[in-house]
Amino acid sequence: MSSKPLKPEKYAAIKLLVQPKNEGLTFDEVADSVAVTRQRLYRWCQNINFNDEIKR
């Protein structure tokens, strides 16, 4: 299955989310770190391509 690469801010969010204990960051802080709203980060987490990248 071929999917489009994610945007750089999504990869940045994934990097923070997969760190043990999110490097001590809350979900809101992760969103702030990649300059998106908490709601947008939540929607990204519901996206299958985003989740596939987290699992890799």
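In this structure, CD in Gln19 is found 12.0 Å from CD1 in Ile14, a value given to the nearest 0.5 Å. Here CZ of Arg56 is found 13.5 Å from CG of Asn51. Values are rounded to the nearest 0.5 Å.
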Check residues 29-42 and write down every donor-acceptor pair under 3.5 Å in which the side-chain atom is one partner and the other belongs to a residue at least two apart or another chain.
{"from": "Glu29", "atom 1": "OE1", "to": "Thr26", "atom 2": "N", "distance (Å)": "2.8"}
{"from": "Glu29", "atom 1": "OE1", "to": "Thr26", "atom 2": "OG1", "distance (Å)": "3.4"}
{"from": "Ser33", "atom 1": "OG", "to": "Glu29", "atom 2": "O", "distance (Å)": "2.8"}
{"from": "Thr37", "atom 1": "OG1", "to": "Arg40", "atom 2": "N", "distance (Å)": "3.0"}
{"from": "Arg38", "atom 1": "NE", "to": "Asp28", "atom 2": "OD1", "distance (Å)": "3.2"}

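Between Leu17 and Phe50, some side-chain heavy-atom pair lies under the 4.5 Å cut-off.
In terms of heavy atoms, Trp44 sits closest to Ala13 at CZ3-CB, 4.0 Å.
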